[in-house]
Every structure is written in C-alpha cells, then in structure tokens.
Amino acid sequence: MASGKYSRVDGKKSSGYGFTITIVLVVSLCLVGAWMFMSSWSAPTESIDFSSSETTKNVESTTKSDFTNEEVDRGSKSFSDEKNEEPEIVTESNEEKTEPEKSEEENSGEKTESVGEKKEFDDKNGDGDRKDGKGEKDTESEGDEVKQKEKTQLEESSEENKSEDGNGTEENTSESEENSEKKSEENTGETEENTEKSKDVFPAGDQAEITKESSTGSGAWSTQLVESQNEKKAQVSSIKWKVCNVTAGPDYIPCLDNWQAIRKLHSTKHYEHRERHCPEEAPSCLVPLPEGYKRSIKWPKSREKIWYNNIPHTKLAEVKGHQNWVKMSGEYLTFPGGGTQFKNGALHYIDFLQESYPDIAWGNRTRVILDVGCGVASFGGYLFDRDVLALSFAPKDEHEAQVQFALERGIPAMSNVMGTKRLPFPGSVFDLIHCARCRVPWHIEGGKLLLELNRALRPGGFFVWSATPVYRKTEEDVGIWKAMSELTKAMCWKLMTIKKDELNEVGAAIYQKPMTNKCYNKRSQNEPPLCKDSDDQNAAWNVPLEACMHKVTEDSSKRGAVWPEKWPERVETVPQWLDSQEGVYGKPAQEDFTADHERWKTIVSKSYLNGMGIDWSYVRNVMDMRAVYGGFAAALKDLKLWVMNVVPIDSPDTLPIIYERGLFGIYHDWCESFSTYPRTYDLLHADHLFSALNKRCNLVSVMAEVDRILRPQGTFIVRDDMETIGEIEKMVKSMKWNVRMTHSKDGEGLLSVQKSWWRPTEAETIKSAIA
C-alpha cells in the first residue's frame with residue numbers, strides 16, 4: 001500500500017516534472033538559437049584577419065615590383081620603373097583615414113583604393129625584378145651606411161669652424177628614439193600570421209627586429225613606445241595651420257627677415273645684416289599670397305614678362321628702367337634683356353665676351369658659371385641660349401626684389417651676399433665667375449672677397465670683370481684699377497685680355513686662375529698668404545672668410561687637376577678622380593655613379609615624365625632637395641628647365657661631383673629656411689630626405705618651408721619609407737593639397753601631390769620677423 005500510494009504520487013509528480021523539463025529545453029533551444037543568431041553578426045576576429053589577409057594576398061599577387069636590378073644591387077630603398085609582368089600597387093587617396101582604420105587598411109584597402117583610377121599609370125610604367133635576397137640584406141638606411149664612408153659638409157665645416165651651431169645631443173637622441181618607435185608601433189597588435197606575412201612586405205633588418213620585439217611584448221599593459229607614438233601621430237593629425245603675420249608679408253624669408261637678430265648686430269660694415277640669421281625655432285606658419293596672384297607665365301615668355309601682381313614692386317622699374325632692367329607695362333612687368341653693362345641686350349654682351357677671348361667657349365668648355373651681383377639676372381637668362389648654366393646671386397637689399405624677379409622669370413638665382421662667411425659652394429667648381437658692376441669692393445682688406453671667388457673658381461677658370469675701373473679714367477677708377485692689378489698679380493691670376501664694347505660703351509677684363517703652383521712658389525712675398533694645409537677648401541657651411549689662397553691640385557688622380565670633359569659629354573662622364581673612392585651606396589664610386597645615372601634615367605623617362613600626370617610645360621624651376629650624384633637633374637637635362645641640386649650638410653659631400661657633371665647646386669640645412677623667396681619653384685623632389693630629417697628637425701616646420709618655396713599648383717614628389725610617407729601625406733592633406741598618386745612596395749613609398757591655393761584664415765605673429 002505504501003508502495004502503491006507513493007507510486008501514484010510519484011506518477012503525478014513525474015508528469016509535472018516532465019512538463020517543466022520540456023519548457024526548459026524549449027527555452028534553452030531558443031537561447032541557443034538567439035546566441036547563434038547574434039554570433040553571426042559579431043564576426044570573430046579570425047574571420048576579419050582572414051578576410052584582410054586574403055585581400056592583401058590577392059592584391060599582392062597582382063602587384064608590380066617597383067625596383068630595378070641596379071637599385072637592388074646598391075641596396076637602395078628607392079623605386080625604379082622598369083618593365084615587369086606584375087601590375088603595380090597604386091593608390092590615389094583623397095580622404096584622410098581615421099587612426100583606428102589605418103592599421104587594417106594599410107595592408108588591404110589602402111593599397112587598392114584607386115587602382116582603377118590609376119590604370120593609366122600602371123599601363124605606362126614598368127618595373128624591374130627585385131632580387132629579394134639582396135634587398136633583405138641591405139636594409140640599413142642610406143644615411144646610416146654613408147656616415148662611415150664619406151665626410152659630410154657638416155663635418156667638413158665643423159672641422160674648419162670650431163664654433164659650430166649644433167642642435168643639442170639630448171634633443172637629437174630623443175628625436176632618434178621617437179623615430180625608431182614609429183617603425184614598431186604599426187604592427188603592435190597584429191596576429192602571428194600577419195607578422196609572418198609582413199616579412200614579404202617590409203624589408204628585414206632593424207625594422208623587422210623592432211617589429212618582432214613589439215609583437216612578443218604586447219599584452220594587457222600599454223608601453224611607452226605605443227603611448228609616445230600615438231601622441232606624435234595625434235599631434236601631426238591635429239595640425240592647425242595659420243598664416244604668417246610678418247613685416248615682409250608675402251615675401252617672407254625666415255633666415256633673412258629675422259629683425260630680432262639683425263637689431264642685435266654690433267656692426268653692418270661687412271653686410272652682416274644681409275647674411276643669414278635664422279630664428280631659434282623654425283616657423284610653422286604658411287606665408288600669405290599676394291593679392292591678385294596668378295599662376296606664373298610659362299618659359300620662355302616668362303624671360304620677357306611676368307605678372308605684376310605676383311611681385312608688385314616698382315622701385316627697380318623706376319630706378320633702372322632707363323638701363324632696360326625692368327619696366328612697367330599694364331598688368332605685366334617686362335624685361336627688355338638689358339643691364340647696367342649691356343643696355344642693348346644681354347646676347348650682344350655675351351657674344352662680345354666670347355669674341356674678346358674665344359677660349360671661353362660658351363656651352364663647350366665653359367658650362368657652369370657664377371654671376372655675382374646679378375640684378376634681375378638677364379645675363380644668366382640669355383646664357384641658356386648658349387647652353388650655359390649661370391647661378392646668379394645678389395643680396396636682399398635696396399634693389400627691391402631683384403632675385404625674386406629672376407626666379408619668377410625662370411632664371412636660376414638665390415639671395416646671398418659677399419659678407420663675412422664663405423659662399424655655400426665647394427672649392428674649385430665654377431668654370432667662370434662674372435661680375436658686371438656688381439658693387440663689390442674686391443681690392444680692400446687684403447682682397448678677402450676676391451680670394452673667396454678664387455676658392456670657388458676652378459683651376460684654369462676665368463674671372464670676367466666688367467666695371468668702370470676697367471675702362472674709365474676718373475681718379476677713383478684709376479686708383480681701384482691699380483689696386484686690383486696688384487692684387488690679381490699677387491694671386492697669380494693672369495690678365496688674358498681687356499676689350500671694349502663700342503656699342504654699350506663698356507669694357508671687360510678677363511683673368512685666368514693658374515692650373516699649377518709654379519707661380520705661387522716663385523712669389524717673393526707670401527701676400528696674400530697661402531692657406532694652411534689643414535684648411536679644407538670644400539668646407540663652406542657657416543665658415544668665416546679667410547684672406548688666404550689654397551694651392552691648386554697638380555696630382556691628375558685628384559679633383560681639380562684636369563678640366564672636365566666638354567659639354568654635353570661631361571654630364572655622363574664618370575670623373576676619373578672617383579677611381580679610388582667608395583661610393584655612397586657601397587660600391588666602388590665609379591660603379592655607384594653609373595648605376596645611379598642609369599637608375600634615374602629609367603625612373604624619369606618611364607614614370608615621372610609619362611605616368612604621374614605632371615604638366616611639364618609648367619615646370620621650369622626644379623629643386624632636388626637631397627641630390628646625391630645629381631642623377632635626377634641629369635635625367636632632365638633635355639627639358640627646358642633647370643635643377644637646383646641641394647646637398648644637405650649631414651649627407652655625404654657629393655656636391656663637387658655634381659659640378660663636375662656640368663650641373664650646379666648648394667649646401668643647405670633643411671632644419672632652416674632656404675635662401676629664396678616664397679613661391680619660386682615649380683617642382684620639389686625629395687628622395688629619402690624626410691626620414692633622415694625626422695631625427696633632428698621638426699617636420700611640420702620643414703613642410704611649412706616646402707609650402708613657402710613651392711608655387712601654387714606646383715608638384716611635390718616624395719620617395720621614402722612608408723611610415724614617413726604616411727606622415728607627409730597627412731600634413732599635405734591638412735594643407736588641402738591634392739594627392740595625385742601614392743605607391744608602395746616592401747615598406748617603401750612614393751607620393752606625388754599638387755599644392756593648392758588654400759591659405760588659413762587665422763594668423764600667427766612671428767615676433768622675430770616684425771621690423
């Protein structure tokens with residue numbers, strides 16, 4: 001009974017319990033279904049990584065290698081453009097990505113964003129095969145390699161001038177560390193699969209090692225590496241540009257308009273106030289445009305006229321109009337081609353000099369010249385018709401805007417003065433130096449200024465002096481001629497001829513510098529004295545002038561002993577004196593030179609001229625911001641343009657090689673402003689410059705200087721590592737520039753942008769530039 005009772009009760013209990021279980025199961029199934037439904041919308045990390053990885057693999061399977069064999073052999077990180085079957089990774093990015101999106105898009109979407117839009121570039125440009133083994137071996141930056149091989153201008157000048165103006169060891173160390181940190185942050189959160197894959201995209205070496213450390217060290221804790229890098233990126237992305245409020249207005253040159261420093265000068269006797277005085281902190285504001293500014297007139301019409309609104313200065317037209325320097329003509333400033341010494345035109349005067357001494361041989365023996373006190377540079381402008389490159393300079397002085405006029409006309413010129421420091425050129429490089437009423441007192445103070453020209457003049461080169469002491473007989477002119485005659489004789493310069501131009505009623509004396517030391521050794525008095533053997537004639541950056549002469553080189557295996565090949569052969573001829581040296585890229589220098597020359601010929605012909613959408617008819621004034629052997633300029637020699645080759649002071653001193661090729665250039669420190677007016681160049685080219693500058697300069701200030709120099713609608717081409725390219729791209733976008741093309745391969749990038757007309761609305765007062 002008991003059992004039956006309990007059996008009945010249990011039976012009822014089992015029925016209710018079963019019903020409960022059924023409900024629980026149904027609810028559980030619903031919950032499981034809901035969970036599965038929700039999971040389908042929150043894709044696992046693995047699926048995202050896989051998708052991104054697969055996309056990258058698909059893109060990479062259709063990429064072109066943008067490296068030539070020559071380039072890989074030299075261990076470079078730059079691109080070339082030889083033919084290959086694989087298509088190239090090209091993007092045209094007009095929208096700035098947000099920071100969270102960047103890490104995933106860099107390896108997928110970013111590389112394929114506008115491949116269709118750039119098909120024309122793909123079709124027109126080819127690339128050589130990359131030897132991966134060699135490429136992985138040579139991953140150190142070019143700058144690091146060469147530091148152990150060749151002296152830089154900074155080292156040469158520092159040795160020559162003990163009072164060097166360094167940038168501070170601690171600051172440099174900090175910048176260097178931050179630069180190293182950049183390279184590792186990019187891959188901090190990647191999976192092992194993507195880390196392995198990055199070995200195919202990024203070069204091995206230091207960067208790979210940093211990436212490996214940051215991957216293994218990542219975890220719950222943040223690192224100083226990530227924190228600092230994120231802050232630097234945030235600063236770059238949050239740039240708020242302002243327009244410069246300065247006394248010079250649209251003509252602002254920071255290192256020449258530093259009134260704060262000029263007012264503190266103890267003397268201006270030697271034109272110290274016309275020399276460079278850079279502000280302690282390089283400005284990061286943007287220079288305003290003149291009201292009514294227009295795109296510059298194309299060459300060669302620009303040689304004859306420019307827009308008045310672009311340089312609205314009339315003083316020279318009022319003072320020098322009767323000498324045919326410049327005249328007002330409606331909305332134009334016109335240039336009849338005259339000058340103080342050649343009122344009837346520069347070409348007649350140029351031919352007069354040739355007839356006076358035929359050995360000058362314009363465009364043959366004489367290719368690269370320096371024009372001192374150039375005025376509006378009509379002399380240099382018309383020498384292009386004789387295949388001669390003339391680098392003209394004059395101070396920023398009461399002859400208002402003379403150098404600015406020259407550059408607007410498309411004529412090479414720079415602001416400089418014969419003052420207390422050496423000119424920013426190597427020794428023994430100019431084939432001829434010209435002075436036509438240049439207002440320089442050559443004969444005073446032991447001939448210190450003329451001795452500086454002697455340093456820059458090539459042995460066997462000519463000095464052409466066309467000034468009143470040559471042909472007038474006033475008491476003052478006779479006295480100056482006598483002093484000059486004594487000085488030039490003591491310097492062993494030989495007076496080759498004195499001729500008078502009957503049409504212009506002027507005369508010219510032509511001197512020649514000796515090619516041997518025979519005369520120096522025979523002098524009865526050591527006056528002017530010979531320079532000490534330790535004095536490096538190539539040291540030129542902020543080195544004080546000395547009233548001494550350097551002996552000429554008589555050893556045929558050294559530079560200066562033999563005159564270069566005649567033009568145009570000299571541009572492709574390897575200098576014999578390079579035979580015993582090691583090149584910048586690690587090969588014997590002569591092989592390095594040849595490989596660099598061929599590489600840039602390929603890049604320019606197959607990419608720059610045809611594949612980047614540049615209207616070369618508007619390109620006249622070009623600057624290579626980091627020239628090495630001058631290969632970029634040499635590759636452009638057949639175009640109607642000229643290239644200012646800049647050798648940074650902390651790069652290998654290759655500027656003498658550039659001059660030997662029949663090209664010209666200058667030393668410069670890109671942490672400071674360049675000695676040119678705003679809006680004076682049509683195209684700026686920077687090959688692995690910014691990654692080097694990042695270690696010691698404020699890149700925002702450097703980009704503000706790029707904006708200052710480049711004309712609106714001008715082109716800016718950057719070749720560098722992808723991290724640096726990313727920083728530059730953000731900055732140019734923040735200035736509203738148009739990104740025309742980007743290209744990436746193996747951690748290296750190419751960026752081409754066009755400057756816009758945009759100017760900020762807010763202003764920033766630069767106290768140092770208020771007069």
Peer 1: As an exercise, state the distance from OG1 of T247 to CD1 of I770, rounded to the nearest 0.5 Å.
Peer 2: 4.0 Å
Peer 1: According to the interplanar angle, ranging from 0 to 90°, do the rings of W481 and Y511 count as parallel (below 30°), tilted (30 to 60°) or perpendicular (above 60°)?
Peer 2: tilted
Peer 1: Centre-to-centre under 6.0 Å for F379 and Y349, is that the case here?
Peer 2: yes
Peer 1: With a 4.0 Å cut-off on N to O distance, would you call D359 and K494 a salt bridge?
Peer 2: no
Peer 1: Between the side chains of D533 and K551, is the shortest nitrogen-to-carboxylate-oxygen separation below 4.0 Å, so that they form an ion pair?
Peer 2: no
Peer 1: Out of W493, Y357, W563, which residue meets the ring-ring contact (aromatic ring centres under 6.0 Å, His included) rule with F462?
Peer 2: Y357
Peer 1: Before giving the answer on side chain to side chain contact (heavy atoms under 4.5 Å, CB included), spell out for F342 and V506 the whole-Å C-alpha distance, their side-chain angles and the decisive distance to 0.1 Å.
Peer 2: CA-CA 8 Å; F342 39 91; V506 300; over 6 Å; no
Peer 1: Ion pair present between E672 and R276, side-chain N to carboxylate O less than 4.0 angstrom?
Peer 2: yes
Peer 1: Please determine whether a side-chain nitrogen of the Lys or Arg among D351 and R386 lies less than 4.0 Å from a carboxylate oxygen of the Asp or Glu.
Peer 2: yes
Peer 1: Quick test of your reading of the model: are D385 and R303 salt-bridged, counting only N-O distances below 4.0 Å?
Peer 2: yes
Peer 1: Going through the distances and angles, do S428 and Q537 end up as a side chain to side chain donor-acceptor pair (under 3.5 Å)?
Peer 2: CA-CA 8 Å; S428 301; Q537 68 167 340; 3.2 Å; yes
Peer 1: State the NE2-CG distance between H550 and L530, to the nearest 0.5 angstrom.
Peer 2: 10.0 Å
Peer 1: Taking the six-membered ring of F430, is the NZ or CZ of R458 close enough (under 6.0 Å from the centre) and on axis enough (within 45°)?
Peer 2: no
Peer 1: Does NZ or CZ of R708 fall inside the cone over Y252's six-membered ring, less than 6.0 Å from its centre and within 45° of the axis?
Peer 2: no
Peer 1: Counting only heavy atoms not in E554, do more than 12 fall under 6.0 Å of its CD?
Peer 2: yes
Peer 1: Are F335 and V376 packed together at the side-chain level, in the sense that at least one heavy-atom pair is separated by less than 4.5 angstrom?
Peer 2: yes
Peer 1: Inspect the contact between R455 and E452 and indicate whether a charged nitrogen and a carboxylate oxygen are less than 4.0 angstrom apart.
Peer 2: yes
Peer 1: Would you indicate whether E569, at its atom CD, is surrounded by more than 12 heavy atoms from other residues, nucleotides or ligands within a distance under 6.0 Å?
Peer 2: yes
Peer 1: Parallel, tilted or perpendicular: which one describes the rings of F664 and W642, with boundaries at 30° and 60°?
Peer 2: tilted
Peer 1: Can you tell whether the side chains of R570 and D431 come within less than 4.0 Å, N to carboxylate O?
Peer 2: yes
Peer 1: Before giving the answer on salt bridge (charged side-chain N to carboxylate O under 4.0 Å, His left out), spell out for D251 and K396 the whole-Å C-alpha distance, their side-chain angles and the decisive distance to 0.1 Å.
Peer 2: CA-CA 11 Å; D251 300 333; K396 187 179 184 181; over 6 Å; no
Peer 1: Would you call the rings of F393 and F425 parallel, tilted or perpendicular if under 30° counts as parallel and over 60° as perpendicular?
Peer 2: tilted
